[in-house]
**Student:** 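My questions all concern the structure below.
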Amino acid sequence: MSVITVNEAIAQALAEEMRRDARVLMFGEGVATKRPELLAEFGEARVRNTPLAEAIIAGTAVGAAATGLRPVVDLLFAPFLCYAMDALVNSAGKLRYLSGGQFDFPLVAIAMSGSGWGVGAQHNHNVEAWFAHSPGLKVVMPSSAADFKGLLKSAIRDDNPVLFFVDIGLLYHSGEVPDDEALVPIGEAAVLRRGQDATLVSYAKTVPVCLQAAEALAASGISAEVIDLRTIKPLDAATVLASARRTGRVVVVHEASASCGVGAELAALVAEHAFDSLKAPVQRLTGPDVPAPASFALEQAYVPRPEEVVAAVRRVANPQCSAA
Amino acid sequence: MSVITVNEAIAQALAEEMRRDARVLMFGEGVATKRPELLAEFGEARVRNTPLAEAIIAGTAVGAAATGLRPVVDLLFAPFLCYAMDALVNSAGKLRYLSGGQFDFPLVAIAMSGSGWGVGAQHNHNVEAWFAHSPGLKVVMPSSAADFKGLLKSAIRDDNPVLFFVDIGLLYHSGEVPDDEALVPIGEAAVLRRGQDATLVSYAKTVPVCLQAAEALAASGISAEVIDLRTIKPLDAATVLASARRTGRVVVVHEASASCGVGAELAALVAEHAFDSLKAPVQRLTGPDVPAPASFALEQAYVPRPEEVVAAVRRVANPQCSAA
Amino acid sequence: MSEYPSLDRPEALLEAMLLIRAYELRLAEHSARSGTPGSCTAVGQEAAAVGVVSALERDDLILTNHRSAGHLLARGADPGRMMAEVMGRSHGYCKGKSGSLHISVRELGVVLTSTIVGGELSLATGVALSQTMLGRPGIVACFFGDGAAGEGIFHESLNLAAVWKLPILFVCENNQWQAFVHRRETMLGEHVATRAAAYGMPGVTVDGNDVDAVRAATLAATAAIRDGGGPYLLETSTYRLRGHGEPDDQAYVDRTELTAWQQRDPIALAKARLRAEQGFTFGDFARLDARIAARIDAAFAFAQASPWPDASELLTDVYA
Amino acid sequence: MSEYPSLDRPEALLEAMLLIRAYELRLAEHSARSGTPGSCTAVGQEAAAVGVVSALERDDLILTNHRSAGHLLARGADPGRMMAEVMGRSHGYCKGKSGSLHISVRELGVVLTSTIVGGELSLATGVALSQTMLGRPGIVACFFGDGAAGEGIFHESLNLAAVWKLPILFVCENNQWQAFVHRRETMLGEHVATRAAAYGMPGVTVDGNDVDAVRAATLAATAAIRDGGGPYLLETSTYRLRGHGEPDDQAYVDRTELTAWQQRDPIALAKARLRAEQGFTFGDFARLDARIAARIDAAFAFAQASPWPDASELLTDVYA
Ligand SMILES: Cc1ncc(C[n+]2csc(CCOP(=O)(O)OP(=O)(O)O)c2C)c(N)n1
Ligand SMILES: Cc1ncc(C[n+]2csc(CCOP(=O)(O)OP(=O)(O)O)c2C)c(N)n1
Ligand SMILES: [Mg+2]
Ligand SMILES: [Mg+2]
């Protein structure tokens with residue numbers, strides 16, 4: 001075990017996978033400038049700067065993936081994915097199917113998002129749900145250094161296109177990371193805290209928020225289970241449903257807006273498959289459906305806070321809410 | 001009242017609004033060629049063909065909308081929106097907010113989607129949920145000729161950016177359209193059929209599917225209410241919840257895939273706000289999470305069928321499912 | 001592994017063009033008769049397709065678009081499996097999942113066909129990068145239209161290819177139409193090849209209705225690319241004689257322009273040259289036509305006999 | 001309605017450049033001291049901004065990007081309200097919602113600033129279309145970088161502007177950097193203006209560090225546009241003397257290149273010319289510097305005193 005930041009975890013995963021597999025290469029705007037250690041170890045062919053052109057960065061990754069390479073592209077901030085949608089959604093997600101299975105697309109597209117840097121809505125828009133709503137893609141969004149490392153490694157080894165979202169607010173969080181291989185499988189949620197009275201389901205920066213809330217709730221005698229999805233597509237419904245059936249009370253928390261978000265999918269799954277165990281309405285606590293503001297004061301108000309999570313759990317834990 | 005096709009309803013709405021307001025103009029790939037009647041009446045300045053370049057078609061609409069015009073752009077098939085995402089999502093949806101309210105974006109972006117033409121996933125991908133998950137936008141997707149006409153007119157008069165989705169499968173459906181103004185407000189769902197035992201919520205091509213199912217169910221003594229959302233954002237939660245509270249059983253039906261789709265949002269709203277009235281799990285019946293195939297045989301299997309809706313309602317109408 | 005036709009003799013070039021023409025007309029007729037969705041034909045553009053493909057080598061890879069029948073057939077694709085694909089049948093090259101718009105045939109090196117205009121341009125750079133980094137022989141030929149040259153991805157793709165010196169032959173089939181919009185309405189100037197200079201790339205326009213000229217221009221271009229000269233833009237100037245898709249009444253088409261191009265039909269030009277220079281007779285042509293008609297009849301019968309894919313196929317081939 | 005500075009006299013041009021320099025250095029110093037997110041400065045590019053904006057007329061509209069302080073200040077924006085915006089305060093031009101990256105000031109005709117690289121290019125055509133169709137006087141000036149010229153939207157925007165003959169001055173500020181990537185790594189050739197030919201548009205490169213040259217080139221370009229000549233691409237060749245954003249150690253910057261450009265500092269050049277040609281003395285410059293320092297101090301104080309927006313502002317200005 002060693003304690004490193006999320007940023008270091010990402011760097012380690014990239015270096016280890018490039019060392020392991022010569023087909024892995026990485027490119028994007030400033031990749032070679034910002035990752036001199038990778039450039040030094042793997043050379044200019046495998047670590048490349050690109051022109052400022054997200055559509056061709058993504059398209060090049062898709063074309064390369066289909067023909068034998070395993071590209072990782074850094075697309076910087078999630079809103080810039082708007083320029084790369086055709087390659088990711090129409091090509092990477094669909095051409096395997098439309099070709100009758102003739103091609104695989106082993107690629108990873110990395111993008112940052114989330115509040116914390118006061119950069120506003122054109123740099124901060126949590127769009128992971130878009131890709132969960134698109135066929136043929138996988139979507140990962142970890143919360144801890146160990147998961148960033150283990151999931152990025154798994155994403156690079158996966159034979160499918162993986163969107164790897166980095167919550168800016170977590171980049172400099174530190175955490176323990178195993179010194180061995182430390183792969184984390186795509187598609188498995190993690191139960192970070194056991195509890196009986198309510199289930200908190202979250203991912204990315206709101207996971208620590210939920211853990212704080214659970215701590216506070218414990219103090220007042222409410223035991224909340226905390227689930228970190230880690231992967232958004234494929235979603236680990238089994239883990240969420242098992243917990244929901246035990247606690248009967250579910251609160252979903254994320255920074256992305258509610259409408260057609262990951263929380264909507266989770267609430268729908270619970271309402272359909274754990275209905276008979278539910279003792280209270282499924283609650284969603286999410287960022288507001290507004291563009292992310294730059295002002296520090298407003299950006300702070302954008303992200304769900306521990307007190308709000310506590311309040312949401314109290315609402316559902318209150319017997320009056322019980323349907324029984 | 002006169003009976004016209006959806007296609008004619010769209011043409012009438014465009015002509016009437018261009019007649020009414022000189023600031024309304026329309027452009028896109030082949031718009032002037034495919035709408036000679038508009039070209040003849042309103043001239044080359046207001047009815048334009050464009051180069052094959054969705055990003056600048058959408059961007060031009062956004063820039064024009066902010067500075068005094070009221071553009072309508074035809075972006076053809078929904079997957080082509082992948083080239084226009086920056087203008088629609090990052091500019092039209094966010095620059096009003098980021099500028100502190102200095103600009104309005106009265107524009108309409110029309111796109112077709114859905115099964116029926118056997119054109120495959122690069123022409124057929126129901127992405128309305130993407131825009132429901134993006135701030136500052138409105139999303140409309142009607143099912144009847146009257147609503148196509150009335151909602152397109154309202155969309156053109158709206159001071160906000162509106163995504164107007166046309167389900168290909170409905171283009172040549174006919175329906176009665178009022179001869180007067182016939183505006184249909186954005187944001188209001190329509191209860192197409194009253195019922196007590198279950199609520200079917202849908203939009204676009206699966207609305208007729210639900211109506212057929214309701215007919216079949218009536219024959220076997222189950223009375224199903226059928227709600228056509230018509231607008232996807234802002235969602236008319238009040239109408240859906242009122243019905244859910246009355247019937248206690250909800251089945252959501254649409255062609256788009258389930259994961260983070262409109263059905264997920266509806267199920268989540270019902271599970272949160274009508275929980276105490278629910279007698280059975282909220283069911284979702286949607287298209288599969290796969291790219292749309294071209295083969296007629298497979299495309300047929302892609303869209304929810306009336307029998308499936310009937311079966312879903314029977315599942316929830318069955319007393320064993322009741323939580324009471 | 002299908003075998004590649006050797007298109008080095010003039011009559012072989014003609015036969016390939018005749019096969020494409022017959023194939024597309026048969027499908028057009030079929031969709032007119034059956035009312036089934038019709039494909040996008042390239043009638044009048046056969047020389048542009050055959051001239052380029054005939055100059056490619058076995059190891060070369062091809063990316064194409066929605067108007068791809070000529071490229072595929074010239075490369076040796078089986079018209080029967082292509083028709084089956086267009087009809088959505090299980091023996092199609094893509095199991096019927098593609099239909100006519102995105103047919104790729106990996107075993108022939110026809111990879112990643114996209115019907116998103118410009119999609120092939122976004123993918124070609126990555127395919128070429130694989131060729132280079134994995135030390136494979138073979139360059140990449142990327143077919144796209146004059147309309148695609150208006151998409152932003154054209155700019156990004158050509159620029160990246162130039163900066164990274166990727167072995168790509170960009171083939172712009174300028175057929176003067178972009179669905180229902182004439183090329184003239186979408187750009188100033190007549191040619192796309194002139195845009196190559198902006199990227200420091202050679203750009204050449206060739207008469208796309210002269211199969212020998214196209215073949216010669218392609219050989220010159222590919223030689224330059226194989227010599228490590230980096231990417232090259234070749235524009236074949238031609239004309240779409242039929243509508244955008246089937247059926248299409250072409251009411252929007254200027255008759256004078258259409259007639260002028262009809263008089264430059266690439267197949268008629270090739271036949272005239274074979275008569276003048278190789279002493280071909282009408283009898284020779286008749287035999288050729290008969291042989292092709294038989295192939296197309298057999299192909300059509302094969303496609304019609306091919307079963308629909310099983311409904312279970314709806315859910316396969318999504319993830320690796 | 002703010003009033004526009006009249007930038008027709010040489011000393012006015014210098015004063016505008018000095019104001020921009022002082023404004024940006026003050027904010028850089030502030031973010032270094034306070035650790036708050038820093039903005040993107042254009043130190044070394046003041047002549048490119050002032051030369052262009054000084055040549056625009058009152059009715060003209062401006063679109064700009066993330067590196068916009070020079071354009072805004074030259075247009076007459078209040079440095080106090082700008083600093084307040086950068087600091088996310090309620091008296092900022094956008095109520096603090098924009099921060100430094102997308103400041104627009106409608107009353108000054110600075111519309112639709114986008115920090116999506118190329119975003120301003122996607123919007124400029126529509127703004128120009130409004131000017132034309134609504135019969136308004138005034139052309140559109142669209143500022144973007146050499147990096148933005150690599151985005152597909154550059155191609156689509158210039159082409160549409162050319163085909164529709166829109167009154168747009170495309171101003172490419174070629175500062176040799178694209179965040180952490182040197183322009184050299186992203187294109188063959190040195191200049192963006194040469195790409196204009198592909199669209200049948202005039203394209204001119206001017207020394208972006210010579211404010212008089214930039215102003216003269218802009219007047220020539222805008223005259224052509226106002227005469228109905230359609231769009232025009234003007235490239236100001238300059239250099240980003242500081243990092244991409246604050247703070248930035250510029251470890252990746254070639255020292256020789258940096259020093260060479262530092263020796264061509266546009267402000268030093270302007271001062272030298274004023275001394276040589278207009279008899280300005282160091283005393284004159286000192287008075288100018290003092291006046292500007294006072295303005296910046298006042299602006300900074302104003303911004304710091306401006307209250308944070310109320311939390312309720314989070315939910316306003318979303319829909320009209
Ligand atoms: C991004 C995108 N926009 C629009 C279309 C619809 N469409 C299909 S083919 C076509 C015309 C393409 O013109 P061109 O690139 O010249 O190729 P051609 O059809 O002439 O061979 C259009 C507009 C599409 N498939 N993809
Ligand atoms: C679409 C997009 N990609 C990347 C970025 C991140 N980014 C911000 S500024 C910048 C460099 C832009 O270079 P250039 O266009 O030359 O303008 P400059 O900053 O040099 O003035 C980059 C990469 C962005 N904001 N938008
Ligand atoms: Mg064409
Ligand atoms: Mg630059």
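Every chain is numbered from 1, with letters handed out A, B, ... down the list of sequences. Predicted model, so just to flag it, every value in this text is computed and none were measured.
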**Student:** With only heavy atoms counted, which part of A:Ala292 is less than 4.5 Å from chain B, the side chain, the backbone, both or neither?
**Tutor:**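 Only the backbone of A:Ala292 comes within 4.5 Å of chain B.
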
**Student:** Under a 4.5 Å heavy-atom cut-off, does chain B meet the side chain of A:Val89, its backbone, both or neither?
**Tutor:** side chain

**Student:** Just so I understand: if I count every heavy-atom pair under 4.5 Å between each of A:Pro291, A:Ala264, A:Ala256 and chain B, which residue has the most?
**Tutor:** A:Pro291

**Student:** Return the CE to CZ distance between A:Met85 and B:Phe80, rounded to the nearest 0.5 Å.
**Tutor:** 15.0 Å

**Student:** Which value, rounded to the nearest 0.5 Å, describes the distance between B:His125 atom NE2 and A:Lys94 atom NZ?
**Tutor:** 5.0 Å

**Student:** Report the option among A:Ser257, A:Gly136, A:Ala274 that has the most heavy-atom pairs separated by less than 4.5 Å from atoms of chain B.
**Tutor:**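 Result: the option with the highest number of such pairs is A:Ser257.
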
**Student:** Quick one: which of B:Gln283, B:His273, B:Arg284 has the most heavy-atom pairs under 4.5 Å with chain A, could you say?
**Tutor:**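 The option with the most such pairs is B:Arg284.
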
**Student:** Once you round to the nearest 0.5 Å, how far does CD of A:Glu128 lie from SG of B:Cys260?
**Tutor:**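 Rounded to the nearest 0.5 Å, the CD-SG separation comes out at 8.5 Å.
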
**Student:** Could you pull out the closest heavy-atom pair between A:Pro135 and B:Val290, with the gap in Å?
**Tutor:** CB-C, 3.6 Å

**Student:** Please determine, among A:Gly261, A:Ala268, A:Ser259, A:Ala267, the option with the most heavy-atom pairs under 4.5 Å with chain B.
**Tutor:**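 Top count of heavy-atom pairs under 4.5 Å with chain B: A:Ser259.
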
**Student:** Which heavy atom in A:Leu98 sits nearest to a heavy atom in B:Gly120, and how many Å separate them?
**Tutor:** CD2-CA, 4.5 Å

**Student:** Give, as side chain, backbone, both or neither, the part of A:Leu88 having an atom under 4.5 angstrom from any heavy atom of chain B.
**Tutor:** neither

**Student:** If you count every heavy atom of other residues, nucleotides or ligands that lies below 6.0 Å from B:Phe296 atom CZ, does the total exceed 12?
**Tutor:** no

**Student:** Can you tell which of A:Ala121, A:Gly93, A:Ala84 has the highest number of heavy-atom pairs within less than 4.5 Å of chain B?
**Tutor:**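 Counting heavy-atom pairs under 4.5 Å, the top option is A:Ala121.
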
**Student:** At a heavy-atom separation under 4.5 Å, does B:Leu266 approach chain A through its side chain, its backbone, both, or neither?
**Tutor:**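 Neither; nothing under 4.5 Å.
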
**Student:** Keeping the roles fixed (side chain from B:Gln122, backbone from A:Asn90), state whether a donor-acceptor pair exists under 3.5 Å.
**Tutor:**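 Yes.
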
**Student:** Grab the two heavy atoms, one from B:Tyr97 and one from A:Pro293, that are nearest each other, plus how far apart they are.
**Tutor:** OH-CB, 3.7 Å

**Student:** Looking at every heavy atom in both A:Trp130 and B:Ser134, which two are closest together, and how far apart are they?
**Tutor:**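 Where A:Trp130 meets B:Ser134 most closely, the heavy atoms are CZ2-OG, 3.3 Å.
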
**Student:** Counting heavy-atom pairs under 4.5 Å with chain B, which one of A:Pro288, A:Ala294, A:Ala271 comes out on top?
**Tutor:** A:Ala271

**Student:** So which atom in A:Asp289 and which in B:Lys233 form the shortest heavy-atom distance, rounded to 0.1 Å?
**Tutor:** OD2-NZ, 2.8 Å

